[in-house]
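Chain identifiers are assigned alphabetically (A, B, ...) following the order of the sequence lines, protein sequences preceding nucleic acid strands; residue numbering begins at 1 within each chain.
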Amino acid sequence: MRRSKAFIPTSKEAPSDASLASHIFLARAGFISQSAAGLYNYMPLAKRVIKKIEAIVNEEMTKVGAQEVELSFVTPAELWQKSGRIEKFGKELLRFHDRKDNMFVLGPTHEEMMVELIRNRVTSYKNLPLNLYQIKTKFRDEARPRFGLMRGREFIMKDGYSFHSSQEDLDREFDLMEAAYKRILSRLGLDYRVVEADSGAIGGSGSKELMVIADSGEDTIAVCSSCEYGANIEAAISGEKKVIPDAPQAEFNKFQTPDIKSIDDLAAFFKIDPYYTVKCVAKKLIYETESEVVLFFLRGCDNLQEVKAVNAADALEIEDVSEEELKALGLVPGFIGILDQDKAKHVIDLNLKDAKHMVCGANELDYHYVGADLSVISDVAYFADISEVNAGDSCPHCDGELSFTKGIEVGHIFKLGTTYSKALKAEYLDENGKAQPFMMGTYGMGISRLVASVIEQHHDENGCIWTKATAPYMVNIMVSNIKDEAQMAAGEKLYKELQDQNVEVMLDDRKERFGFKMKDAELIGFPYTVIIGKELVNGNVQVYERTTTEKTAVSADEIFSYVMDII
RNA sequence: CGGGGUGUAGCUCAGUAUGGUUAGAGUACCUGGUUUGGGACCAGGGGGCCGAAGGUUCGAGUCCUUUCACCCCGACCA
């Protein structure tokens, strides 16, 4: 491509609202342009990058036997009513009516459509397993799209669905897909981590997220310093505490603690470690048709993990609750106790199971119990893991230590089980001729989000730095002064030679000055720029490498073979 | 969905408190010339229903009402 004819509208100014590097540089370098909230146009450079990523995904999917299909973007609302997700998705589903007044929704994901596609077409265990996928635009009418391609309303996703006759076979496919996803991210040149994820209200027997490591990521993940363990903070667990503070020695007793309401005050008052205090976090849990105040008890040193709390209470949502609401229930804020708690439903963190030497609220103003032994309620209370891991906690699988990092969720693989096949009555006949719902897995990967992720991880103050696998053009030939006939001829010659070898090459033949064209090349982020300029009279050109920003002198006679070697 | 903010040239923004020439700058774009190794310079030029609709006024980018869009913080996010 000749730069003079290419549609690449670069700009010195970034959109006023852009804050992420990927948003700023993709906009400035002429990859994307916004058309409305969360909607972006892909210009030629972006389109090329997307095609490269899609090609790699397609190759890896083909390797593991997945078959590509393409389902309609406009989907009948009826399917979403059958699965119940028309309510669950709510306003995120963009709905509209056709001329016959039938309702449709723009597909936000395609579980229902895919199940419907194979229903009554795949009818025997002999045809299983089956793995179908597509790469397709999705639409979710998000309340707050932001960060450019990172969180758009319209985005490109690879979504795959597998069908099985047993849990074992689903487990096998799940591992296969995890390996394939890892290969894809490695080939793209990304630093990533596979982490345990919250499986959410949808149930299923497990899910993992593929996180690209980046400070700008919206997810917090806990990773082990020495083994492969990693988990979204919503699902992370820690191992046994290695150092346990000395226990306070006290007989069980009620103790006056005037105006001591916080854990810090309590620990200071008794001169004990917060580990030996019981914290109560009251929340309002929202269910389908009702809501209820639920008390969550944890060790004073731990914090409530709200996603775990919602799961433990089997609720849909969690909200804060006011002191007035607590008092209305007969609770005493600041002194809510774990023993003889009959005012509200409560969940106790597993870290408190059989805990001894504890200080806890006495359900009475200005009084706490000391020396409490919680083993007395071990058999009657409801225990669950509801605490958030802390940086420095020990790893649940090895001797390592957990630390936090930020990640961009670019993939999510999920063991769905039979949720959708049951809801949509999709069944096959097993060896005994008995109808069974399909066991399903679902595997998503955000293609347009990957484009942004590459730049989040690979950029500098001057612009994009594309990895070799993702670069829209591998080589940029920059003719410093197009009026210099020798320079121009050398540029044209190399351009043709590289094109003949199917190298993706750009020839910057614009009537611009050296500095302008270099800045432009850096902004766009070609891996290599061949500079044909003033050194040509001495028989030399230079190769500028974007990752290192170093220039290497190369003989003009050898430049073609030199380029073929490094790319 | 709650709270806040902004709409003026392709882009980034002045101008609006106190209404009053022909609505501005930088950048980008077109012409000509000079320049040619890190986003050049000179000269000339094109480009605006000041988000939209109503209203007040002799007169509205500026004041009032309504509305739409976009953005930010939060909630939400298979």
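Taking the ring centre of A:Phe155 as origin, the terminal cationic atom of A:Arg449 falls outside the region bounded by 6.0 Å and 45° from the ring axis.
Between B:rC77 and B:rG5, the two C1' atoms lie 24 Å apart (nearest whole Å). The separation of B:rC71 from B:rU35, taken at their P atoms, amounts to 47 Å, rounded to a whole angstrom. Straight-line distance between the C1' atoms of B:rA14 and B:rG48: roughly 15 Å, to the nearest whole Å. Nucleotides B:rA69 and B:rU31 are separated by 40 Å at their P atoms, to the nearest Å. B:rG19 and B:rC63 have their C1' atoms separated by 8 Å, with the value rounded to a whole Å. Remark: the separation of the P atoms in B:rC68 and B:rA40 is 45 Å, to the nearest Å. Taking atom P in both B:rC73 and B:rA28, one finds a spacing of 31 Å when rounded to whole Å. Nucleotides B:rU6 and B:rU16, compared at atom C1', are 14 Å apart to the nearest Å.
A:Ser16 comes within 4.0 angstrom of sugar-phosphate atoms only, judged by non-hydrogen atoms across all strands, and of no base. Using a 4.0 Å heavy-atom distance criterion, A:Met157 is classed as a base contact. Residue A:Ala37 is classed as a sugar-phosphate contact, given heavy-atom separations below 4.0 Å to backbone atoms only. Note on A:Pro15: only backbone sugar-phosphate atoms sit closer than 4.0 angstrom, heavy atoms only; bases stay farther off.
Between A:Glu142 atom CD and B:rC71 atom P there is a gap of 13 Å when expressed in whole angstrom units. When rounded to the nearest whole Å, the span between CG of A:Asp320 and P of B:rC76 equals 10 Å. One interatomic measurement links the two molecules: CG of A:Asp17 to C1' of B:rA69, which rounds to 13 Å at whole-angstrom precision. Rounded to whole angstrom, the span from the CZ atom of A:Arg151 across to the P atom of B:rC70 amounts to 17 Å. In this structure, the NZ atom of A:Lys91 is 13 Å from the C1' atom of B:rG2, given to the nearest Å. Going from atom CG of A:Leu39 over to atom P of B:rC70 covers 8 Å, rounded to whole Å. Per the geometry, CD1 belonging to A:Ile286 stands 11 Å off P belonging to B:rC76, to the nearest Å.
Remark: side-chain polar atoms of A:Lys208 are not paired, donor with acceptor, to backbone N or O of A:Gly411 under 3.5 angstrom. A:Asn540 places no side-chain N or O within donor-acceptor distance of the main-chain N or O of A:Glu535, the cut-off being under 3.5 Å. With hydrogens and angles disregarded, no donor-acceptor distance shorter than 3.5 Å links the side chain of A:Gln305 to the backbone of A:Val389.
Annotation for A:Gln167: atom CD counts as buried by contact number, over 12 foreign heavy atoms lying within 6.0 Å. A 6.0 Å sphere centred on CG of A:Asn538 holds more than 12 heavy atoms belonging to other residues, nucleotides or ligands.
Relative to the side chain of A:Gln34, the nucleotides B:rC11, B:rC70, B:rC77 differ in distance, and B:rC70 lies closest.
Checking A:Phe155 against A:Pro145, the closest nucleotide of RNA chain B that is more toward the 5' end is the one next to A:Pro145.
Side-chain atoms of A:Tyr544 and A:Met478, non-hydrogen and from C-beta on, never get closer than 4.5 Å to each other.
Between A:Arg172 and A:Asp169 there is a salt bridge, with a side-chain nitrogen of the basic residue lying less than 4.0 Å from a carboxylate oxygen of the acidic one. Salt-bridge check for A:Asp171 with A:Lys415: passed, with a basic side-chain N closer than 4.0 Å to an acidic carboxylate O. Note on A:Asp320 versus A:Lys283: salt bridge recorded, some NZ/NE/NH1/NH2 to OD/OE distance being below 4.0 Å.
Taking 90° from 0 as the syn/anti boundary, the base of B:rA17 is oriented syn.
Using modelled atom types, one finds no donor on one side chain facing an acceptor on the other under 3.5 Å when comparing A:Tyr495 with A:Arg2.
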| query | Which letters describe nucleotides 35-40 of chain B, given B = protein heavy atom under 4.0 Å from base, S = only from sugar-phosphate, - = neither? | reply | BBBBBB

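Both key distances under 3.5 Å define a Watson-Crick or G-U pair, and stretches of 3 or more such consecutive pairs in RNA chain B run B:1-7 with B:68-74, B:10-13 with B:24-27, B:29-34 with B:40-45, B:51-55 with B:63-67.
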